[in-house]
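Worksheet for the structure shown next.
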Amino acid sequence: MEQVLFHQNTLYVYNTTSRQKERFEPLHAPFVGMYACGPTVYSEPHLGNCRSFVMYDLMFRYMLHLGYKVRYVRNITDAGHVESTSGETGDRISKQAKIEQVEPMEIVQKYSVKFHRIMDTLNCLPPSIEPTATGHIVEQIEMTKKIMENGFAYETDDAIYFDVEKFSANYPYTKLSGRNLDDLLNNTRELGGQESKKGRLDFALMIKAKPEHIMRWPSPWGDVYPGWHIECSAMSEKYLGKTFDIHCGGMDLIPTHHTNEIAQCVACNHVDPVKYWLHPNMLTVNGQKMSKSLGNSFLPAELFDGSHPLLDQGYSPMTVRFSMLQAHYRSTLDFSNDALKAAEKGYKRLMNAKSALDQITISGTINNEEEANVNKLLLATYDAMNNDFNSAQAIAELNEAASMINTWNSLQNKKANIQEHTLLRLKTLLHHFLFDIFGLLEESENNNEKLNGVMELVIDIRKDARGKKDFATSDKIRDALQGVGIQLKDSKDGTSWQAE
RNA sequence: GGUCGGAUGGCCGAGUGGCUAGGCAAGGCUCUGCAAAAGCUUCUACAGCGGUUCGAAUCCGCUUCCGACCUCCA
């Protein structure tokens, strides 16, 4: 039996289009269609990329938890992400293929695999559908044809361009970004390259492939490869329909990629494709956006093993995930040693409280204040998430829970003065939030049976030594274990251990 | 240069005009053979200057600083 919680929990989301929080009402509840811009698989994703994917995962998980039937589509851009800055035309995949001296599809394969591994490591659920651009060339060509038929695109010697000026006469092109169209049109900044497009804001739907270009597909305009924006429009329409609920993507995609996506869809289907646009903010390093071009990227692997020069230790995947959850998705998040260290401790605190809660039972008497505090907290945690997925706030509420749990746990009898079903609800809450919604995992190796057996023995030997006041032996055991990353924790109830 | 968004205690970070978010660090205490771990506890901040209000971190204006986008980026 599945719970449907969305009737009691009204979700509010910040819609970039309206610049305010709106009540989330799916077009066809309980179904929710959600599209997120996935990676361009020409290199390894860095932590900034990962943050966005973790945030989409949080949204996906929370909506699932509420009982929505979510179809989460996240594409893979494996063709056509054009670099058009300096006259050199060509897409990122082809460029990287030249650098690594392999086939473009080898690049695609290599970095798709890496991407999926990282998503697994960070415990992101796989999307419901993960379509690739190369698998949907037909749909993209069809869409381009329709846009041309509708009069919003034109052909030149080198490409099919979208006519932004013509489009903007009929529709507020800059609606999403809030930019002033005239300012954009009159921007004095010089563009490189000698493209044949008419307007400076026009963008390529399809690019005619030069003879040396390997990734190419036949079309009414000769051999072409797709522009970047058209794939998302074509694939979102195919799997979610002409209109759907949620579209996610990094904030940096608003003025260009997402603006153009809307333009394409409207020019093609005459309807606004997306009801709610949700945009996670950037990850920063020393206040600056993490980006490949700035050279300040952290790769996940460098973070996990601590090999990045700015770090003085490694941090586990769940520490990284937790640090991302501790900030709201629309705020910038600054990555630093101190922030990660704090996250590491904070994550352990919650996990420890979760384990401690398993030992807590009810006393049989009810303390009204205790009872009220727990009930308040149960609501507050949901309220936080209902308020535009405020995981930071929700974590703060769970920390309040941790304090209560720790207090009960420090009592001789480990008993709480609350109702039985209230205790049960608290246990359920912690389980749901930590594992299902936040997507955290237990990282300790305490569930390894053989190691458990060995540790039991070692702890027993040390206990005997301590009993005989043979502290040389007991300390030797403690220090040696510390050396291999196992920490012993002495308490009144005996000794437990934890692997780093 | 244009447009948009920020500035919160030692650090990271929530904050929907009134009820000290939270975590980490630091100090104190409990526990302990010593330590670690764990727990309890203390630390009342909102860039500056004006304004609105009974009351402002929150609303408005100006100033300073920072960032993002405008050219590829999640």
Side-chain angles (χ1 to χ4, degrees), chain A residues 12 19 21 36-40 42-43 45-56 81-86 91-92 174 177-180 182-184 186-193 201 228 248-257 279-284 287-294 297 322-323 326-328 330-350 352 356 380 384 387-388 390-400 402-403 406-407 409-410 466 469 471 474-475 478-479 482 487-492 495-498:
Chain A
Y12 284 81
R19 282 159 201 278
K21 281 179 200 164
C37 289
T40 302
Y42 72 105
S43 68
H46 60 64
L47 238 11
N49 304 126
C50 292
R51 182 194 184 196
S52 290
F53 297 124
V54 168
M55 292 300 112
Y56 312 148
H81 194 148
V82 185
E83 258 183 302
S84 64
T85 33
S86 57
D91 63 273
R92 288 170 171 267
T174 55
S177 66
R179 298 283 164 84
N180 181 316
D182 291 332
D183 287 347
L184 289 177
N186 299 326
N187 196 318
T188 51
R189 187 187 274 264
E190 280 302 313
L191 271 185
L201 295 177
W228 176 33
C248 308
M251 264 186 192
D252 48 355
L253 299 182
I254 295 170
T256 309
H257 183 52
H279 290 103
N281 212 322
M282 300 293 105
L283 188 71
T284 59
Q288 264 203 323
K289 175 183 174 180
M290 183 182 287
S291 75
K292 280 169 191 159
S293 48
L294 282 169
S297 311
F322 189 79
S323 76
Q326 269 188 312
H328 186 254
R330 277 190 297 109
S331 301
T332 55
L333 170 63
D334 204 58
F335 240 46
S336 65
N337 252 316
D338 287 347
L340 286 163
K341 269 184 196 154
E344 186 172 51
K345 289 284 190 72
Y347 161 67
K348 282 184 182 165
R349 176 178 148 87
L350 276 188
N352 288 341
N387 185 9
D388 197 23
N390 196 333
S391 53
Q393 183 78 49
I395 286 173
E397 303 299 343
L398 294 185
N399 269 309
E400 298 284 346
S403 292
N406 289 335
T407 304
N409 193 43
S410 64
R466 291 178 76 196
K469 298 204 185 295
F471 298 123
S474 69
D475 289 355
R478 184 174 71 195
D479 297 345
Q482 189 75 53
Q487 188 185 40
L488 292 182
K489 301 175 179 180
D490 295 325
S491 75
K492 260 184 247 172
T495 302
S496 63
W497 60 280
Q498 187 166 24

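Chain naming here is simple, since letters A, B, ... match the order of the sequence lines and numbering starts at 1 in each.
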Exercise. Distance between the C1' atoms of rC24(B) and rA14(B), in whole angstroms?
Worked result: 15 Å

With 3.5 Å as the limit, what N/O pairs link the protein to nucleotides 15-17 of chain B?
residue : atom : partner   : partner atom : Å
rG15(B) : OP1  : Asn390(A) : ND2          : 2.8

Exercise. Hey, is the main chain of Lys289(A) close enough, under 3.5 Å, to the side chain of Thr284(A) for a donor-acceptor pair?
Worked result: no

For this session: Can you tell me the distance, in whole Å, between the CG atom of Asn352(A) and the P atom of rG39(B)?
Result: 7 Å

Exercise. Does Ser177(A) offer a backbone N or O that forms a donor-acceptor pair with the side chain of Thr174(A) under 3.5 Å?
Worked result: no

Problem set entry | Protein-nucleotide distance (Trp497(A), atom CH2; rA35(B), atom C1'), rounded to Å | 21 Å

Problem set entry | Between rG9(B) and rG23(B) - C1' atom distance, rounded Å | 14 Å

Exercise. How many Å lie between CD1 on Ile395(A) and P on rC24(B), as a whole number?
Worked result: 12 Å

For this session: Report yes or no: is there a donor-acceptor pair, N or O only, under 3.5 Å between the side chain of Arg19(A) and the base of rC4(B)?
Result: no

Exercise. Side chain to side chain contact (heavy atoms under 4.5 Å, CB included) between Arg51(A) and Val54(A): does it pass, once the steps are laid out?
Worked result: CA-CA 5 Å; Arg51(A) 182 194 184 196; Val54(A) 168; 5.7 Å; no

Problem set entry | Under the side chain to side chain donor-acceptor pair (under 3.5 Å) test, residues paired with Gln393(A) that sit two or more places apart | Glu397(A)

Exercise. Rounding to the closest angstrom, what is the interatomic distance between rA74(B) and rC66(B) at atom P?
Worked result: 27 Å

Filtered N/O pairs between nucleotides 8-10 of chain B and protein, under 3.5 Å:
none

Problem set entry | Nearest-nucleotide comparison on RNA chain B, the residue closer to the 5′ end among Cys50(A) and Gly287(A) | Gly287(A)

For this session: Name the nucleic acid region contacted by Leu488(A), choosing base, sugar-phosphate or nothing; use a 4.0 angstrom heavy-atom cut-off, strictly under.
Result: base

Exercise. Reckon Leu283(A) touches a base, only the sugar-phosphate, or nothing at all at heavy-atom distances under 4.0 Å?
Worked result: base

For this session: Report yes if a donor N or O on one partner sits less than 3.5 Å from an acceptor N or O on the other, where the partners are the side chain of Arg478(A) and the base of rA36(B); otherwise report no.
Result: no

For this session: Scan Glu344(A) against the nucleic acid and name what it touches under 4.0 Å (heavy atoms): base, sugar-phosphate only, or nothing.
Result: nothing

For this session: Indicate whether OP1 or OP2 belonging to rG22(B) is found under 4.0 Å from a side-chain N or O atom of Asn399(A).
Result: no

For this session: Apply salt bridge (Lys or Arg N to Asp or Glu O under 4.0 Å) to Asp338(A) and list each qualifying residue two or more places apart in sequence or on a separate chain.
Result: none

Exercise. So, the side chain of His257(A) versus the backbone of Gly250(A): is there a donor-acceptor pair under 3.5 Å, distance only?
Worked result: no

For this session: Kindly indicate whether the side chain of Arg179(A) and the base of rC69(B) share any N or O donor-acceptor pair separated by less than 3.5 Å?
Result: yes

Problem set entry | Atom P, compared across rG22(B) and rA45(B): separation rounded to whole Å | 15 Å

Exercise. Could you state the CG-P distance from Asn49(A) to rA74(B), rounded to the nearest angstrom?
Worked result: 5 Å

Problem set entry | salt bridge (Lys or Arg N to Asp or Glu O under 4.0 Å) against Arg466(A), all qualifying residues, sequence neighbours excluded | Asp490(A)

Exercise. Any donor-acceptor pair under 3.5 Å joining the side chain of Asp490(A) to the base of rG33(B)?
Worked result: no

For this session: Using a heavy-atom cut-off of under 4.0 Å over every strand shown, decide if Ala396(A) touches base, sugar-phosphate, or nothing.
Result: base

For this session: Ignoring hydrogens and angles, state whether a donor on the side chain of Arg349(A) or Ser403(A) is under 3.5 Å from an acceptor on the partner side chain.
Result: yes

Exercise. Can you tell me how far C1' in rG61(B) sits from the matching atom in rA56(B), rounded to whole Å?
Worked result: 15 Å

Problem set entry | Aromatic ring of Phe53(A) stacked on base six-ring of rA74(B), 5.5 Å, 30° | no

Exercise. Expressed in whole Å, how much space separates the C1' atoms belonging to rA57(B) and rA47(B)?
Worked result: 12 Å

Problem set entry | First encountered from the 5' end of RNA chain B, between Phe335(A) and Ala342(A) | Phe335(A)

Exercise. Which residues satisfy the side-chain contact (heavy atoms from CB on, under 4.5 Å) test with Met251(A), sequence neighbours excluded?
Worked result: Ile254(A), His279(A), Asn281(A), Met282(A), Arg330(A)

Exercise. Who passes side chain to side chain donor-acceptor pair (under 3.5 Å) against Arg179(A), sequence neighbours left out?
Worked result: none

For this session: Can you sort out the partners of Ser391(A) under side-chain contact (heavy atoms from CB on, under 4.5 Å), two or more places apart, ordered by chain and number?
Result: Leu58(A), Leu325(A), Met385(A), Phe438(A)

For this session: Select base, sugar-phosphate, or nothing to describe what Met55(A) touches, counting heavy atoms under 4.0 Å on all strands.
Result: nothing

Problem set entry | side-chain contact (heavy atoms from CB on, under 4.5 Å) against Ala356(A), all qualifying residues, sequence neighbours excluded | Ile405(A), Asn409(A)

Problem set entry | For atom CG of Leu253(A) and atom P of rC69(B), their distance in whole Å | 10 Å

For this session: Determine the Euclidean distance between corresponding C1' atoms of rC11(B) and rU16(B); express it in Å to zero decimal places.
Result: 27 Å

For this session: Ignoring backbone atoms, test whether Asn180(A) places a side-chain nitrogen or oxygen under 4.0 Å from the OP1 or OP2 oxygen of rU3(B).
Result: no

Exercise. Base, sugar-phosphate, or nothing for Pro280(A), non-hydrogen atoms under 4.0 angstrom?
Worked result: nothing

Return the polar atom pairs (N/O with N/O) between nucleotides 25-32 of chain B and the protein under 3.5 Å, or none.
residue : atom : partner   : partner atom : Å
rA25(B) : OP1  : Lys345(A) : NZ           : 2.3

For this session: Go ahead and write out RNA chain B as dot-bracket, 5' to 3': ( ) for pairs within the strand, [ ] for ones crossing earlier pairs, | when the partner sits on another strand, dots for unpaired; Watson-Crick or G-U wobble, both distances under 3.5 Å.
Result: (((((((..(((.....[...))).(((((.......)))))....(((((..]....))))))))))))....

For this session: Report which part of the nucleic acid His46(A) touches: base, sugar-phosphate, or nothing (heavy-atom distance under 4.0 Å, all strands).
Result: base

Exercise. Can you check whether Ala384(A)'s main-chain N or O pairs, donor with acceptor, with Asn387(A)'s side chain at less than 3.5 Å?
Worked result: no

Exercise. Does Arg349(A) place a side-chain N or O at less than 4.0 Å from the phosphate oxygens OP1/OP2 of rG23(B)?
Worked result: yes

For this session: Determine the interatomic distance between P on rC4(B) and the same-named atom on rU8(B); round to the nearest Å.
Result: 22 Å

Exercise. Of all residues at least two apart in sequence or in a different chain, which pass the side chain to side chain donor-acceptor pair (under 3.5 Å) check with Asn352(A)?
Worked result: none

Exercise. If you take all heavy atoms of Ser297(A) and Ser291(A), which pair is closest and at what distance?
Worked result: OG-O, 3.3 Å

Problem set entry | CZ on Arg478(A) to CG on Asp475(A), rounded to 0.5 Å | 4.5 Å

Exercise. Gly48(A) near the nucleic acid: base, sugar-phosphate alone, or nothing, with a heavy-atom cut-off under 4.0 Å?
Worked result: base

Exercise. Reckon Ser403(A) touches a base, only the sugar-phosphate, or nothing at all at heavy-atom distances under 4.0 Å?
Worked result: sugar-phosphate

Exercise. Would you say Ser177(A) reaches rC70(B)'s phosphate, i.e. side-chain N/O to OP1/OP2 under 4.0 Å?
Worked result: no

For this session: Starting at atom CD of Gln326(A), determine the distance to atom P of rA14(B), rounded to an integer number of angstrom.
Result: 10 Å

Seminar exercise, completed: Among rG22(B), rA74(B), rC70(B), the one nearest any side-chain atom of Thr256(A) is rC70(B)

Exercise. Which pair of non-hydrogen atoms, one from Phe335(A) and one from Ser323(A), has the smallest distance, and what is that distance?
Worked result: CE1-OG, 3.7 Å

